[in-house]
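What follows is a set of notes on a single structure, which appears directly below.
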Amino acid sequence: MQSPAALPESPPPSSPELPARGGWWAVCLCAAWCGTCGVYRPLFDELARAHPEVRFEWVDIEDDSDIAGDLDVETFPTLLIADGERALFLGPLLPQAPVLARLLTSLQAAAPGSAGAGGEAQQVFERVRTARGA
């Protein structure tokens, strides 16, 4: 069974499984060797199923080093949350599904007037969006 967070062969944007361009993204930046990431992955996948309006992506920063670029990920998991156009959060997050769910809900509520997460976060988001075909 394919993980909804992996999506290596994403359906076209018109597909009902994916939010429209400009929709919310939750991107987990991890590494295959990270034990914490291995434990977090099923929780991340569960959140993806619970929030079909959000596009969840799992990025291995070593396998997809072109996406990570020069970003120095020091703590795993590191999450990137974007509203589809702007990166609003980039940082480490406790590997607990309720923590990500609360963060996503609070960012969605504040999105219209909130500032972006900064240039580096925006650059990473642009690379994720390009690499994942959105």
Side-chain angles (χ1 to χ4, degrees):
M1 181 171 109
Q2 187 180 31
S3 162
L7 302 176
E9 297 178 43
S10 298
S14 61
S15 171
E17 292 92 19
L18 289 179
R21 179 170 171 79
W24 286 84
W25 291 63
V27 180
C28 187
L29 303 168
C30 280
W33 52 261
C34 173
T36 301
C37 294
V39 171
Y40 187 53
R41 181 69 184 262
L43 301 174
F44 190 78
D45 291 348
E46 185 178 316
L47 278 170
R49 286 187 292 277
H51 296 276
E53 76 285 1
V54 178
R55 182 164 176 168
F56 284 75
E57 292 286 340
W58 190 268
V59 175
D60 185 305
I61 65 164
E62 292 175 345
D63 291 345
D64 294 315
S65 60
D66 54 325
I67 292 176
D70 292 334
L71 179 67
D72 188 17
V73 177
E74 295 180 16
T75 303
F76 294 106
T78 291
L79 273 289
L80 170 69
I81 309 293
D83 66 2
E85 298 300 325
R86 296 173 300 141
L88 299 174
F89 176 86
L90 175 64
L93 201 67
L94 287 174
Q96 300 168 355
V99 174
L100 175 53
R102 281 192 307 270
L103 175 62
L104 190 56
T105 299
S106 68
L107 288 172
Q108 287 173 322
S114 56
E120 185 175 43
Q122 187 65 35
Q123 290 170 2
V124 173
F125 176 57
E126 293 297 332
R127 289 192 297 268
V128 169
R129 199 163 57 172
T130 299
R132 296 301 197 246

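Owing to the predicted nature of the structure, the values given are computational and were not obtained by experimental measurement.
A pairwise comparison of heavy atoms in Leu80 and Ala87 identifies CD1-CB, 3.8 Å as the closest pair. For Leu79 against Cys28, the heavy-atom pair with the smallest separation is CD1-CA, 3.9 Å. Contact record, Phe44 with Ala26: CZ-O, 3.5 Å, taken as the closest heavy-atom pair. Nearest heavy atoms, Arg132 versus Glu57: NE-OE1, 2.7 Å. Across all non-hydrogen atoms, the minimal contact from Ile67 to Ala131 is CD1-CB, 3.5 Å. Closest approach of Cys37 to Phe76, counting heavy atoms only: SG-CB, 3.5 Å.
Residues Leu47 and Val54 are not in side-chain contact: their nearest non-hydrogen atoms beyond the backbone lie 4.5 Å or more apart. Using a 4.5 Å heavy-atom cutoff, the side chains of Val124 and Val59 are not in contact. Residues Cys34 and Tyr40 are not in side-chain contact: their nearest non-hydrogen atoms beyond the backbone lie 4.5 Å or more apart. In this structure the side chain of Leu90 reaches within 4.5 angstrom of the side chain of Leu71, judged on heavy atoms. By the 4.5 Å heavy-atom criterion applied to side chains, Arg127 and Asp64 are not counted as neighbours.
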Could you go step by step and tell me if Glu62 and Trp33 meet the side-chain contact (heavy atoms from CB on, under 4.5 Å) rule? CA-CA 10 Å; Glu62 292 175 345; Trp33 52 261; 2.9 Å; yes
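Using a cutoff of 4.0 Å between basic side-chain nitrogens and carboxylate oxygens, Asp45 and Arg41 are scored as salt-bridged. With salt bridges taken as basic N to acidic carboxylate O contacts below 4.0 Å, one links Arg129 and Glu126.
Other residues, nucleotides and ligands place more than 12 heavy atoms under 6.0 Å from the CG atom of Asp66.
Applying side-chain contact (heavy atoms from CB on, under 4.5 Å) to Leu103 and the options Leu88, Ile81, Leu94 leaves one that passes, Ile81.
With sequence neighbours excluded, no residue forms a side chain to side chain donor-acceptor pair (under 3.5 Å) with Gln96.
In this structure, CG on Leu104 lies 10.5 Å from CG on Leu93, to the nearest 0.5 angstrom.
When the side chains of ILVMFWY residues are joined at heavy-atom separations under 4.5 Å, either directly or via intervening members, Val39 and Ile61 end up in two distinct hydrophobic clusters.
The aromatic rings of Phe125 and Trp25 sit perpendicular to each other, their planes meeting at more than 60°, with 30° as the lower class boundary.
Without hydrogens or angle criteria, Gln122 side chain to Glu85 main chain gives a donor-acceptor distance under 3.5 Å.
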